[in-house]
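This report refers to the structure that appears directly beneath it.
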Amino acid sequence: MKKGRIIRVSGPLVVAEEMKGSRMYDVVKVSDERLMGEIIGLDGDKASIQVYEETEGIGVGEPVYITGEPLSVSLGPGLIESIYDGVQRPLDYIQKKVGDFISRGISVPPIDPDKKWKFTPTKKKGDQVQEGDIIGTVQETVLVEHRIMVPPGMKGVIEDIKEGEFTVNDQIAVIERENGEKIELQMQQRWGVRIPRPVNKRLPPIKPLFTGQRVIDTFFPIGRGGTACIPGPFGSGKTVMQHQLAKWAEAEIVVYVGCGERGNEMTDVLNEFPKLEDPTSGEPLMKRTILIANTSNMPVAAREASIYTGITLAEYFRDMGYSVALMADSTSRWAEALREISGRLEEMPGEEGYPAYLGSRVAQFYERAGRVKCLGSPEREGAVSVVGAVSPPGGDLSDPVVQNTLRVVKVFWSLKAELAYARHFPAIDWLTSYSLYHDSMLEYMKKEVAGDFLSLEREAMRILEEEDELQEMVRLVGIDALSFSERLILLAARMLREDFLHQNSFHEVDTYTSIKKQYCMLKNIMLFYRKAREIDIDIERLEELDILEDIARMKFIEEKKLQYIEDLGNRIIKTIKEAGGKGESPERDRKEKEEVTDAN
Amino acid sequence: MRTEYQTVSDISGPLLFVEGVSGIKYGELCSVILPDKEKRFGKVLEVHKDKAMVQVFEGTRGIDIPESTVIFEGKMMEMPLSPDILGRVFDGMGKAIDEKPPILPEKRADINGSPINPYARAYPNEFIQTGISSIDGLNPLVRGQKLPFFSGSGLPHNKLAAQVARQAKVLASKEKFAVVFAAMGITFEEANFFQTDFEETGALERVVMFLNLADDPAIERLSTPKVALTAAEYLAFDREMHVLVIVTDMTNYCEALREVSAARKEVPGRRGYPGYLYTDLASLYERAGRIRGKKGSITLMPVLSMPEDDKTHPIPDLTGYITEGQIIFSRSLERKGVSPPIDVLPSLSRLKDKGIGKNKTREDHADLYNQLYAAYSRGKEAAELSVILGEAALSDMDKLYLEFSDRFESEYISQGEYENRTVEQTLDLGWNLLSLLPKRELKRMRDEFIDKYYLKGEEEKE
């Protein structure tokens, strides 16, 4: 193996000379401890290397080994249910090998090389195959059928294909290329993390990715293959939100990247996911999940890599035709890792010390999300949806990471500290958040959920907006100065906030709400509002109606008792009819207003 | 390998540049011998060809270029450890400074530690009773948690930290317990307050103290929390003790970090703090925790004073992103005479849900703190409203809430410095106050708990 010589060590950055022949982003092994590193700059025969492990004890003159391979991940059966660090080393295996604390220079295969998988071929000898074609399947977990594909860039005729139990490194097929070259295929393939995996065609998202979270699915939906970001100050519930999405999003595969966050949070996921049931299949959620944990105290360069490792794994499952959801918590820590390395490289800083290329890196990352027509046969569609948490300093949205992210993502869930202090969770601010997927989802929502879904949503949003203005007025002149219809808006807005938007992620039923139930709940609240507008009644009496209690309890009604919520609609109509006469309220409103003006 | 050089080329702030060196490792420990034979310690921050950049912990005062000698020790900075460290006092480098015999080390550990494998962690879920209502009742602390105090200059955070150290215990357990106390840049008076407090309560023999006072070298503050946490890791994971680590004041640590960063001419991040402040703080805070299959635990309570009481200042801000919650002190409560002046609304303990409830504290605990939060928050709103519109504009219900929030501050949050409330007392006190409000206002409370506990406090009094 070719080698160079270290001339400088500064934290995670190592500079080596005599590195001729090495390429940008190639992996190197630093010193005889063989610490993993990646070339991030070349200058003559000098190479700047970011090292994925602690560099203490490394000195000038020690060797650097050139591998000539880019930073890659292993792809094959055995990925699901794994927990990896930022450069795809299995943490469970590391614990077995070196104990409770992570030491360095550990080299372990990402995928268990001894485990045997039952491979069932779907192609036979003599079949013509090309890149992306599925040649066989492995039942990886109860939830995931792992489809073995012909690696990109390969085309030929199957000369041999086997059936039976194999390890990921056993030969399962032989392909003869047109030029007569014979290539052995294993179940495992490698792919460089910084290169997006090729697709046949990119498609715009048209289906929503339901998450079971009411404020998201109803008001700010994300499409399958879409991108979203959750910025918010600490304590506003970013991580809980990400966990909720990882738990309940209707994705077939979930990749959760804990990037520079707390160790205990990953432990929480590890404890909880095997126990939680997937709402559609009833199987443990862990059976569709891959975890990448590069906590804040683990080496900073590996944190930079963790995001790419995660998205490459996601793309691989997308290529099989799955809908994959990737949660990255938090992309700010990834950007900080970029900043740290950039600072050590003595690059000219941009905003807040972040490198000038921050924006393009953020955009490149989110651009790897999307709905696609996969390569190869059978024809299939896959999607990678990306949700990135951002932790701006002091919750200040002018932070460069937030701004650069907002430029590329289509959904913005803005978390607000005030809502969190008032213990309104999820603390997504309905007034500043947005989703650009409403229009493209319209067809689907109309067909699959309800024709009037969108108009209900718009109406509810208008009430919430009006509430904000009215609240301002109440603060100035007191609540008594408002007319009936204004107070009714306040009441409806409160119902929307407390009985719909507020969702308790720790309550067994409330934690997940199907889109059908969301629709029924919203419909009932809006029905109450519309009907109450038509009758003649004091607002105080209206507020005391028992039916309000029933509306408030809708969120705790189990999914299988949906009929109860649907029936509630009729009771609402009946109750309100009984409560009020048939007064012409618009007229009364006008009278009320006149009185107020007179009084003034 | 030990090598000696007399080739200092340049001194800048706390940094020393040595030329013509070879075989020097990044992060290596070194000692600097001054012309007057005084010995100081340092650490290699960067090696570049034949140059080494050394950070001198005890400051560079008195070091000269021609005569000073730098000895590279060929090893990392280590802390000698044995069970005898309990009851002892060390400086910020881990050197004993009391008049007791030297420590005979059972082992030596690199003060930087290694990251705990996230896979090996056990989730913190054992409730620690601190005897302080605003912590136990509303922001419960659990073993293995990192819960900082966000305070300001002149606020009684040290008193509260000492009270926690004195009273903290795990319900129904007789396990070995120790306190590691690290002081960075605090005054002699403050340090003395802790020392006397530990002495008076007889706690001293289970306390390890690391003192770097205001007049000690600022750069030594960088090693103080590291040696303290190394000692804590040893006691927790080698000696199976439950260790509470109190680190005060983190702001001074961050300033020292900024000083070194500025001397290195690094690109500054926010407010001149280095871009790696987050990573650096995380490498300290994340050393707290529990490990599966091991008995001990490290619970970390860093104290930091927020410059200008500004929570968005980089130090509290980045801390809040790493720690599992925060206890925030409020100057306005302090002025009102509420002591300890804990502002409960923005305070938070992220791990509370797993540490409380049936068999841990009491079944109604979670509902109770939600209800108390909601009621107090409503009371505060009413107070705000009455400032604008006058008290007459408040509805009867608002007035009730106003009364609730006043009594909540004076009876629940306020408590004596030596008042040690059991968690039952704290919970009952909460019910007692909630009983000011009519039952139907308790919307966050399950009916069964209302039936069981509502007015209970009142009845007991009668």
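Naming: A, B, ... by sequence-line order, numbering from 1 per chain. Bear in mind that the values here come from a model prediction, so they are computed numbers and not experimental data.
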Original post:
Under a 4.5 Å heavy-atom cutoff, which of Leu91(A), Asp396(A), Asn294(A) has the most pairs with chain B?
Top reply: Leu91(A)

Subject >> Option that, when pairs with chain B are counted at under 4.5 Å, heavy atom only, ranks first among Leu13(A), Asp268(A), Asp85(A), Val477(A) >> reply: Asp268(A)

Original post:
Ala122(B) versus chain A, heavy atoms under 4.5 Å apart: side chain, backbone, both or neither?
Top reply: backbone

**OP:** Walk me through it: do Glu265(A) and Arg121(B) pass the test salt bridge (charged side-chain N to carboxylate O under 4.0 Å, His left out)?
**Re:** CA-CA 10 Å; Glu265(A) 282 168 2; Arg121(B) 279 181 189 271; over 6 Å; no

Subject >> Engaged part of Ile83(A) at the chain B interface, taking heavy atoms whose separation is under 4.5 Å >> reply: side chain

Original post:
Do Thr267(A) and Arg292(B) have side-chain heavy atoms sitting under 4.5 Å apart?
Top reply: no

Subject >> Heavy-atom neighbours of Lys51(B) NZ exceed 12 at 6.0 Å >> reply: no

Subject >> Audit row: Glu266(B), Glu340(A), side chain to side chain contact (heavy atoms under 4.5 Å, CB included) steps and yes/no >> reply: CA-CA 10 Å; Glu266(B) 289 174 332; Glu340(A) 182 168 347; over 6 Å; no

Original post:
Going through the distances and angles, do His48(B) and Val15(A) end up as a side chain to side chain contact (heavy atoms under 4.5 Å, CB included)?
Top reply: CA-CA 9 Å; His48(B) 192 181; Val15(A) 180; over 6 Å; no

Subject >> Top of Ile322(B), Ile291(B), Thr312(B) for chain A proximity - count of heavy-atom pairs under 4.5 angstrom >> reply: Ile322(B)

Original post:
Rounded to the nearest 0.5 Å, how far does CZ of Phe101(A) lie from CZ of Arg287(B)?
Top reply: 8.5 Å

**OP:** Search all heavy atoms of Pro118(B) against all heavy atoms of Met266(A) and return the closest pair with its distance.
**Re:** CB-CB, 4.3 Å

Original post:
Using a cut-off of under 4.5 Å for heavy-atom pairs, which of Ala120(B), Gly27(B), Ala282(B), Pro115(B) has the most such pairs with chain A?
Top reply: Pro115(B)

Subject >> Which atoms of Pro316(B) approach chain A - backbone, side chain, both or neither, heavy atom under 4.5 Å >> reply: backbone

Subject >> Under 4.5 Å from a heavy atom of chain B, the part of Arg104(A) involved >> reply: neither

**OP:** Among the options Gln326(B), Glu28(B), Lys146(B), pick out the one with the most heavy-atom pairs lying under 4.5 Å from chain A.
**Re:** Gln326(B)

Subject >> Contact origin within Arg290(B) toward chain A - heavy atom pairs under 4.5 Å >> reply: neither

Original post:
Given the options Leu318(B), Ile388(B), Val44(B), Asn112(B), which has more heavy-atom pairs under 4.5 Å with chain A than any of the others?
Top reply: Asn112(B)

Original post:
Taking atom CG of Asp100(A) and atom CG of Asn117(B), what is their separation to the nearest 0.5 Å?
Top reply: 7.5 Å

Original post:
What's the shortest heavy-atom distance between Lys25(B) and Gly57(A), and which atoms?
Top reply: CD-O, 3.1 Å

Original post:
Taking all atoms of both residues into account, what is the closest heavy-atom pair of Leu270(A) and Tyr119(B), and its distance?
Top reply: CD1-CD1, 3.8 Å

**OP:** Against chain B, work out which of Glu54(A), Glu346(A), Gln95(A) has the most heavy-atom pairs shorter than 4.5 Å and name it.
**Re:** Gln95(A)

Original post:
What is the distance from atom CZ of Arg350(B) to atom CG of Asn264(A), rounded to the nearest 0.5 Å?
Top reply: 11.5 Å

Original post:
Is it the backbone or the side chain of Lys43(B) that comes under 4.5 Å from a heavy atom of chain A, or both, or neither?
Top reply: side chain

**OP:** Find the distance between CG (Asp343(B)) and OH (Tyr421(A)) and round it off to the nearest 0.5 Å.
**Re:** 9.0 Å

Original post:
Tell me, side chain or backbone of Thr295(A) under 4.5 Å from chain B's heavy atoms, or both, or neither?
Top reply: side chain

Subject >> Pairs of heavy atoms under 4.5 Å with chain A: top-ranked of Phe237(B), Tyr285(B), Tyr278(B) >> reply: Tyr278(B)

Original post:
Top residue by heavy-atom pair count (under 4.5 Å) with chain B, among Ala293(A), Gly343(A), Ser391(A)?
Top reply: Ser391(A)

**OP:** Would you mind checking which part of Glu62(A) comes under 4.5 Å of any heavy atom in chain B, side chain (CB onward), backbone (N, CA, C, O), both or neither?
**Re:** side chain

Original post:
If you tally heavy-atom pairs under 4.5 Å against chain A, which of Pro124(B), Pro268(B), Ser395(B) wins?
Top reply: Pro124(B)

Subject >> Which atoms of Ser347(B) approach chain A - backbone, side chain, both or neither, heavy atom under 4.5 Å >> reply: backbone

Original post:
Does a sphere of radius 6.0 Å around NZ in Lys295(B) hold more than 12 heavy atoms from other residues, nucleotides or ligands, not counting ones at 6.0 Å or beyond?
Top reply: no

Original post:
Taking C-beta and beyond as the side chain, do Val267(B) and Arg339(A) meet within less than 4.5 Å on heavy atoms?
Top reply: no

**OP:** Using non-hydrogen atoms and a 4.5 Å limit, figure out which bit of Pro90(A) sits close to chain B: side chain, backbone, both or neither.
**Re:** neither

Original post:
Please, which pairs that meet salt bridge (charged side-chain N to carboxylate O under 4.0 Å, His left out) have at least one residue in residues 347-356 of chain A, sequence neighbours excluded?
Top reply: none

Subject >> Lys294(B) portion near chain A, given a 4.5 angstrom heavy-atom threshold >> reply: side chain

Original post:
Quick one: what part of Asp280(B) sits under 4.5 Å from any heavy atom of chain A, side chain, backbone, both or neither?
Top reply: neither

Subject >> Between Ser103(A), Pro299(A), Gly11(A), the one whose heavy-atom pairs under 4.5 Å with chain B are most numerous >> reply: Gly11(A)

**OP:** Compare every heavy atom of Tyr321(B) with every heavy atom of Arg262(A), then report the nearest pair and how far apart it is.
**Re:** NH2-O, 2.9 Å

Original post:
What part of Asp92(A) lies closer than 4.5 angstrom to a heavy atom of chain B: side chain, backbone, both or neither?
Top reply: both

**OP:** Pick one of side chain, backbone, both or neither for Val300(A), based on which atoms fall under 4.5 Å of a heavy atom in chain B.
**Re:** side chain

**OP:** Under 4.5 Å heavy-atom distance to chain A, tell me which part of Lys75(B) shows up: side chain, backbone, both or neither.
**Re:** neither

Subject >> Euclidean distance, Ile7(A) CD1 relative to Asp50(B) CG, rounded to 0.5 Å >> reply: 11.0 Å

Original post:
Roughly how far apart are Ser10(A) OG and Tyr26(B) OH, rounded to 0.5 Å?
Top reply: 6.0 Å

**OP:** Answer yes or no: is there a side-chain heavy-atom contact under 4.5 Å between Asp317(B) and Pro393(A)?
**Re:** yes

Subject >> Over all atoms of both residues, closest heavy-atom pair of Tyr123(B) and Asn271(A) >> reply: CB-ND2, 3.3 Å

Original post:
What closest approach, in Å, do Ser283(B) and Asn297(A) show between heavy atoms, and which atom pair accounts for it?
Top reply: CA-CB, 4.0 Å

Subject >> Salt-bridge criterion met for Glu46(B) and Arg8(A) (N-O under 4.0 Å) >> reply: yes

**OP:** Counting only heavy atoms closer than 4.5 Å, note whether Phe506(A) contacts chain B via side chain, backbone, both or neither.
**Re:** side chain

Subject >> Residues in ring pair (Phe, Tyr, Trp, His ring centres under 6.0 Å) contact with Phe72(B), at least two apart in sequence or another chain >> reply: Tyr5(B)

